[in-house]
There are 2 protein chains.
Amino acid sequence: MAQPEHQLPVDLFIDLDRSGPVPLYHQVAKRLEQAIYEEILPSGARLENEVALGQRLGISRPTIRRAIQELVDKGLLVRRRGVGTQVVHGKVHRNVDLTSLFEDLQRTGQKPETRILSAETEPANETVVEALGVEVGSDVLHIKRLRSADGAPIAILDNILPADFIDLEIEALQSHALYQLLRARGVTLRVAKQKIGAREATATEGELLAVRKGGALLTMDRTAFDSSGRAIEYGQHVYRPELYQFEITVVDR
Amino acid sequence: MAQPEHQLPVDLFIDLDRSGPVPLYHQVAKRLEQAIYEEILPSGARLENEVALGQRLGISRPTIRRAIQELVDKGLLVRRRGVGTQVVHGKVHRNVDLTSLFEDLQRTGQKPETRILSAETEPANETVVEALGVEVGSDVLHIKRLRSADGAPIAILDNILPADFIDLEIEALQSHALYQLLRARGVTLRVAKQKIGAREATATEGELLAVRKGGALLTMDRTAFDSSGRAIEYGQHVYRPELYQFEITVVDR
DNA sequence: TTTGCGCGCTTGTCCTGACAATAGTACCTA
DNA sequence: TAGGTACTATTGTCAGGACAAGCGCGCAAA
């Protein structure tokens with residue numbers, strides 16, 4: 001019944017770069033992940049124990065543990081005290097993370113296009129004040145975009161940013177993701193809080209997304225924060241459900 | 001501009017139980033979380049540095065770090081090297097985790113009710129074979145339930161479990177969550193992979209959920225795995241979007 | 001045959017210590 | 001005044017070690 005232990009070839013770990021900027025534990029995690037995807041470590045396989053693995057690779061146990069933890073958090077591995085660490089059965093799928101729809105589409109080989117519907121500076125309404133934590137009535141940048149891939153409209157993106165971004169180059173949004181522009185300005189998003197739901201399409205939305213009025217739409221509201229904890233972006237997005245879904249891996253700790 | 005450092009009262013940490021079964025780092029994390037919710041640590045506040053905090057509490061730095069990490073993963077704190085750790089601005093909300101809808105409703109003070117629509121043993125179809133990793137044509141338990149809260153129907157839950165669960169007490173499902181029953185059998189779910197989408201209601205679904213045919217529904221497909229990585233449950237759920245949404249916090253690491 | 005006990009294996013927790021990398025600030029200089 | 005440089009504070013990474021706790025298996029006893 002118990003799966004046999006899998007001895008990983010040392011080759012997988014030879015060129016670990018101890019001086020470079022990439023942390024050791026992350027290098028190890030990446031190699032393990034690769035081994036899982038290539039089924040060198042097949043579904044259900046048991047890993048060598050942490051101590052042995054560490055010794056064989058010349059790496060301390062905390063570092064090995066942290067590498068393994070990274071994959072546990074991704075839902076690729078499962079640990080049991082007294083037993084060992086095993087590869088989770090079943091297909092893996094990519095997770096919701098802090099990349100945008102734009103980058104999502106790029107990665108899956110589709111060609112994302114963006115049409116800017118409007119971009120205006122306006123006073124913040126109550127919802128925005130609540131979400132971004134800005135002053136009541138202060139100016140915010142309000143951008144509406146239509147995102148398509150391979151010619152088919154996928155989503156309407158409605159984004160609001162605080163006053164210091166009113167000088168954002170709107171034209172650049174046609175070929176770049178909003179998050180890419182923010183990164184270029186030195187802003188890195190670290191935390192996002194999202195609500196995912198559904199509702200029926202309005203007439204305008206139906207027209208833009210080529211869906212009949214009243215058809216089902218997937219919705220996502222998000223507030224994103226930078227590394228100092230400040231709210232940077234509030235977005236209300238609607239997606240055509242046949243063309244986009246959210247994939248999430250949940251891990252109990 | 002920089003937020004003042006917040007000196008936490010030591011009282012918050014006095015009765016840490018070093019001998020009990022609850023890990024120290026988790027006790028510390030809980031106390032910190034409490035302090036954030038009670039706004040003893042207000043939005044944007046800067047924490048004491050890790051070394052000092054550790055010394056004051058008589059706890060080593062790795063333990064303090066792990067406690068803080070727990071809250072970073074929850075989206076409550078943000079760290080910056082060279083700067084410090086700060087409380088994230090903006091309201092916090094609960095996360096999608098490995099609890100079920102039933103427990104969700106209970107926690108928010110609603111009274112969940114379950115009507116069993118059907119519960120049958122049947123051969124696995126292709127989708128199920130793919131999701132659960134069982135043999136083609138082998139028997140599986142197929143349960144359909146209607147979940148309501150305070151009298152209003154919220155969701156249709158369609159669940160499939162492998163053959164070893166065919167002796168599950170169906171009646172118990174009327175007053176307990178599926179996950180509770182599984183736990184009682186010694187099965188602990190550790191990882192779940194979910195897809196969240198939307199679609200239009202069928203006539204049957206509309207009738208059950210008091211929605212018009214064609215109305216928008218929120219959908220969630222999930223495969224859950226136990227601590228040995230084996231697939232335990234495959235579920236296809238549909239929710240009335242006005243009554244249920246998914247809340248997710250995403251953290252970049 | 002079944003139950004219970006003990007033992008070894010493996011992960012979980014916690015500690016100490018050291019050095020690296022980064023951000024912000026104060027200061028010095030052109 | 002402006003710009004760069006050095007310093008300090010703080011988190012990030014990594015090592016090594018010790019003991020605790022849970023799980024499974026074999027063996028002995030009932």
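Within every chain, numbering begins at 1; the chains are lettered A, B, ... in the order of the sequence lines, protein sequences first and strands thereafter.
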Notebook entry, point to check: Between atom CG in Leu24(B) and atom P in dA18(D), what is the gap in whole Å?
Noted result: 21 Å
Note to self: Whole angstroms only, please: what is the CD-C1' distance between Glu70(A) and dT13(D)?
What the structure shows: 13 Å
Next item on the list: For Tyr25(B) and dG12(C), give me the distance from atom OH to atom P, rounded to whole Å.
Entry: 9 Å
Item checked: First of Gly82(A) and Val22(A) reached from the 5' end of DNA chain D, by closest nucleotide -> Val22(A)
Next item on the list: Would you state whether a donor and an acceptor, one from the side chain of Arg61(A) and one from the base of dG12(C), lie under 3.5 Å apart?
Entry: yes
Check: Closer to the 5' end of DNA chain C via nearest nucleotide, is it Ser19(A) or Thr63(B)?
Finding: Thr63(B)
Notebook entry, point to check: OP1 or OP2 of dT10(D) less than 4.0 angstrom from a side-chain nitrogen or oxygen of Thr85(B), does that happen here?
Noted result: no
Notebook entry, point to check: Across the strands shown, which category fits Pro23(A) at heavy-atom distances under 4.0 angstrom: base, sugar-phosphate, nothing?
Noted result: sugar-phosphate
Next item on the list: Can you tell me the distance, in whole Å, between the CD atom of Gln55(B) and the C1' atom of dT10(D)?
Entry: 14 Å
Notebook entry, point to check: Under a 4.0 Å N-O cut-off, is there an ion pair linking Asp167(A) with Arg185(A)?
Noted result: yes
Notebook entry, point to check: Would you call Lys30(A)-Glu70(A) a salt bridge at under 4.0 Å N-O?
Noted result: no
Margin query: Expressed as a whole number of angstroms, how long is the span from Arg79(A):CZ to dG22(D):P?
Written below: 16 Å
Next item on the list: Could you check whether Ser60(B) gets within reach of a base, just the sugar-phosphate, or nothing at all, counting any heavy atom under 4.0 Å?
Entry: base
Notebook entry, point to check: Which whole-number value in Å describes the distance from Arg81(B) CZ to dT22(C) P?
Noted result: 5 Å
Check: Under the criterion side-chain contact (heavy atoms from CB on, under 4.5 Å), which of Tyr179(A), Phe165(A), Phe225(A) is the partner of Glu233(A)?
Finding: Tyr179(A)
Item checked: Distance in angstrom units between Arg80(B) CZ and dT10(D) C1', rounded -> 11 Å
Check: Starting at CD of Gln69(B) and ending at C1' of dT13(C), how long is that distance when rounded to a whole Å?
Finding: 16 Å
Margin query: Using heavy-atom distances to pick each residue's nearest nucleotide on DNA chain D, tell me which of Val83(B) and Arg66(A) is more 5'.
Written below: Val83(B)
Next item on the list: Measure from the side-chain N and O atoms of His89(A) to the backbone N and O of Gly229(B), and report whether any donor-acceptor pair falls under 3.5 Å.
Entry: yes
Next item on the list: Nearest-nucleotide wise, let me know which of Pro62(B) and Glu50(A) is further upstream toward the 5' end of DNA chain C.
Entry: Glu50(A)
Next item on the list: Name the nucleic acid region contacted by Arg65(A), choosing base, sugar-phosphate or nothing; use a 4.0 angstrom heavy-atom cut-off, strictly under.
Entry: base
Next item on the list: Please examine the side chains of Arg56(B) and Glu48(B), heavy atoms only from C-beta on, and report whether any two atoms are closer than 4.5 Å.
Entry: yes
